[in-house]
Amino acid sequence: MADKTMRVNGREISFAAGETILEAASRYGISIPTLCHLKGTTPHGKCRICVVEIEGEKELKTACNTSCTSGMMIRTESKKVVTDRKKTLEELIAHGNHNCAASSAGNSDWTGFQLAVQQDDNESELCPVWGDCKLQDLLYQYQVTQKKSSERKSPLPKEIVNPLIIRDFSRCILCGRCVSACNEVQVNRVIDFGEQDGREKIVTKNNTSLADSNCVFCGECIQACPVGALVEKKAVYRWRPWEVTKIRTTCPYCGVGCQQMLHVKDGRIVKVTGVEKGKPNLGRLCVKGRFGYDFIYSDERLKTPLIRENDHFREASWDEALDLVANRFKEIIATDGPDALAGVSCARSINEDSYQMQKLFRAVFKTNNIDHCART
């Protein structure tokens, strides 16, 4: 490894062949900010937030897609780097509804800007991801102030025609993380860079809505979005980061065991995200895992066993219901033999429960009539 070392901020670090500056620095806990980079996908350096200064190089280089070279001397927070990052951030918030930074134009102009944003959003609230936005974090980190509201372009209209995702193009910074998430992580290939009315935009094929595209609504684009351009429709304005408790759990919809992070406010789930480092899904979720949490609060959900008597159901205790089922199984086996019984294990069960059920049928009931239902 002696011939594969470089210095970052005066610290010598090693790197593997083909490793980028960002990857090598991250392994050593050296922070380099990014907006467009999505781990595990092809880096493109589009946002230019991760620029670093390399001794001997005239221009700054993007750390996410610049390969390490032996003997490199890199500075991640030099004056030149910081100045460039501030300029990039100023350009990012010059247009659109980014009302998350302090104003440099005076209170009256800033108030007018906020009121205009509220009018566009048709909401009295600040940005729906205020407090949970990577762009906002960087604006405060580098003390970037909002420019005058006169520089703000008319926003592209929101897309709200589907029941799950709001696409707010006025807040999109064209970082491409959603494109990478869709095309390389989930490999659905629904969205890509395009344009509308001469302006660059993230589009579906033929520039249709998500509802009219082949989108499966996995929501991976939402999890990848660093700003408020993509948000869950039923979670919007219902929570702020400091109001929720995060609880890790296993998705109940199938036996794969995807790891979820429940965002709970006042005892109710208001948002679900994938656990980025949790196996086996590594942050990815399907449409049911990400959006299908409402059923637990349904008034129609059964909470007590029911026993049919004639043409009606009556509530019963668990002991009574289980005794009834056990006795009926015994009667059927005694009368018609064990193969008169059959069982179907629900796909929502965890693998351990399905194993116990097949063991019950094979070892106790003495029948192999056990199957697994793939429907959910």
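Note that the structure is a prediction, hence the values are computed from the model and not measured.
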(request) Output, in order, the C-alpha distance, side-chain angles, deciding distance and verdict of side chain to side chain donor-acceptor pair (under 3.5 Å) for Tyr28 and Ser14. (result) CA-CA 9 Å; Tyr28 284 85; Ser14 62; 2.8 Å; yes
(request) Could you tell me whether Glu19 and Lys4 have a side-chain N and a carboxylate O separated by less than 4.0 Å? (result) no
(message) Has Gln259 got a side-chain atom pairing as donor or acceptor with Gly257's backbone, closer than 3.5 angstrom?
(response) yes
(request) Tell me, please, whether Tyr297 has Arg268 positioned over its six-membered ring: NZ or CZ under 6.0 Å from the ring centre and within 45 degrees of its axis? (result) yes
(message) Can you confirm whether Lys201 is buried at NZ, in the sense that more than 12 heavy atoms of other residues, nucleotides or ligands lie under 6.0 Å from that atom?
(response) yes
(request) Would you name the heavy atoms of Leu138 and Pro33 that are closest together and state the gap between them? (result) CD2-CB, 3.6 Å
(message) Quick one, His263 and Lys246 - any side-chain contact, counting heavy atoms below 4.5 Å?
(response) yes
(request) Evaluate side-chain contact (heavy atoms from CB on, under 4.5 Å) for Leu285 paired with Cys258, printing each intermediate quantity in order. (result) CA-CA 7 Å; Leu285 293 172; Cys258 291; 4.1 Å; yes
(message) With a 4.5 Å cut-off on side-chain heavy-atom distances among I, L, V, M, F, W and Y, is there a chain of contacts connecting Val272 to Ile296?
(response) yes
(message) Checking the side chain of Arg199 only, and the main-chain atoms of Gln196 only, is there a donor and an acceptor separated by less than 3.5 Å?
(response) no
(request) Check for a donor-acceptor pair, side chain of Thr69 on one end and backbone N or O of Met72 on the other, with a separation under 3.5 Å. (result) no
(request) Return yes if some donor-acceptor pair links the side-chain N/O of Asn327 with the main-chain N/O of Asp323 below 3.5 Å, else return no. (result) yes
(request) Spell out, as yes or no, whether a donor-acceptor pair under 3.5 Å connects the side chain of Gln260 to the backbone of Ile247. (result) no
(message) Quick check on the hydrophobic clustering: are Phe169 and Ile191 connected, directly or via other members, by side-chain heavy-atom contacts under 4.5 Å?
(response) no
(message) Using a 3.5 Å distance criterion without hydrogens, assess whether the side chain of Asp168 forms a donor-acceptor pair with backbone atoms of Ser170.
(response) yes
(message) Please list all pairs meeting side-chain hydrogen bond (donor to acceptor under 3.5 Å, both in side chains) that have one or both residues in residues 52-67, counting only residues at least two apart or in different chains.
(response) Glu53-Arg75, Glu53-Ser78, Thr62-Asn65
(message) Assess whether a salt bridge exists between Glu320 and Arg314, defined as any Lys/Arg side-chain N lying under 4.0 Å from an Asp/Glu carboxylate O.
(response) yes
(request) Before giving the answer on side-chain contact (heavy atoms from CB on, under 4.5 Å), spell out for Phe295 and Lys288 the whole-Å C-alpha distance, their side-chain angles and the decisive distance to 0.1 Å. (result) CA-CA 11 Å; Phe295 72 92; Lys288 292 176 288 186; over 6 Å; no
(request) Return yes if some donor-acceptor pair links the side-chain N/O of Asn183 with the main-chain N/O of Asp192 below 3.5 Å, else return no. (result) no
(request) Identify whether the distance between the nearest side-chain nitrogen and carboxylate oxygen of Arg85 and Glu77 falls below 4.0 Å. (result) yes
(message) Restricting to non-hydrogen atoms, name the atom on Ile93 and the atom on Leu135 that form the minimum distance, rounded to 0.1 Å.
(response) CG2-CD2, 3.9 Å
(request) Grab the two heavy atoms, one from Cys172 and one from Ile202, that are nearest each other, plus how far apart they are. (result) SG-CG1, 4.1 Å
(message) Minimum heavy-atom separation for Ser213 and Val190, please, with both atom names.
(response) OG-CG1, 3.5 Å
(request) Please report the shortest heavy-atom distance between Cys178 and Cys221, naming the atom on each side. (result) CB-CB, 3.8 Å
(request) Give the C-alpha distance, both sets of side-chain angles, the deciding distance and a yes or no for side chain to side chain donor-acceptor pair (under 3.5 Å) between Thr42 and Glu184. (result) CA-CA 8 Å; Thr42 305; Glu184 297 188 52; 3.1 Å; yes
(request) Decide, yes or no, whether a salt bridge links Arg328 with Glu331 under the criterion of side-chain N to carboxylate O below 4.0 Å. (result) yes
(request) Count the heavy atoms of every other residue, nucleotide or ligand shown that sit under 6.0 Å from CD1 of Ile160, and state whether that count exceeds 12. (result) no
(message) When you measure from the side chain of Gln136 to the backbone of Trp130, do you find a donor-acceptor pair of N or O atoms at a distance under 3.5 Å?
(response) no
(message) Please determine whether the number of non-hydrogen atoms from other residues, nucleotides or ligands lying under 6.0 Å from atom NZ of Lys330 exceeds 12.
(response) no
(message) For Phe291, does the six-membered ring have the charged nitrogen or CZ of Lys233 within the cation-pi criterion, i.e. under 6.0 angstrom from the centroid and within 45° of the normal?
(response) no
(message) Restricting to side chain to side chain contact (heavy atoms under 4.5 Å, CB included), what partner residues turn up for Asn162, sequence neighbours left out?
(response) Glu159, Leu164, Ile165, Leu210, Ala211, Phe217
(request) State, to 0.1 Å, how close Thr367 and Pro338 come at their nearest heavy-atom pair, and which atoms those are. (result) CB-O, 3.6 Å
(request) Measure the shortest side-chain to side-chain distance between Cys50 and His37 over non-hydrogen atoms and say whether it is less than 4.5 angstrom. (result) no
(request) Count the heavy atoms belonging to other residues, nucleotides or ligands that lie under 6.0 Å from NZ of Lys359, then report whether that count exceeds 12. (result) no
(message) Let me confirm one number: the CG-CZ distance from Asn369 to Arg362, rounded to the nearest 0.5 Å.
(response) 9.5 Å
(request) Please check if atom CD in Glu315 has more than 12 non-hydrogen atoms from other residues, nucleotides or ligands closer than 6.0 Å. (result) no
(request) Look at the side chain of Asn188 and the backbone N and O of Cys182, then say whether any donor-acceptor pair between them is shorter than 3.5 Å. (result) no
(message) Strictly below 4.0 Å, N to O, side chains only: are Glu220 and Arg290 in salt-bridge contact?
(response) yes
(request) Would you check if the side chain of Gln186 reaches a backbone N or O of Cys218 as a donor-acceptor pair within less than 3.5 Å? (result) no
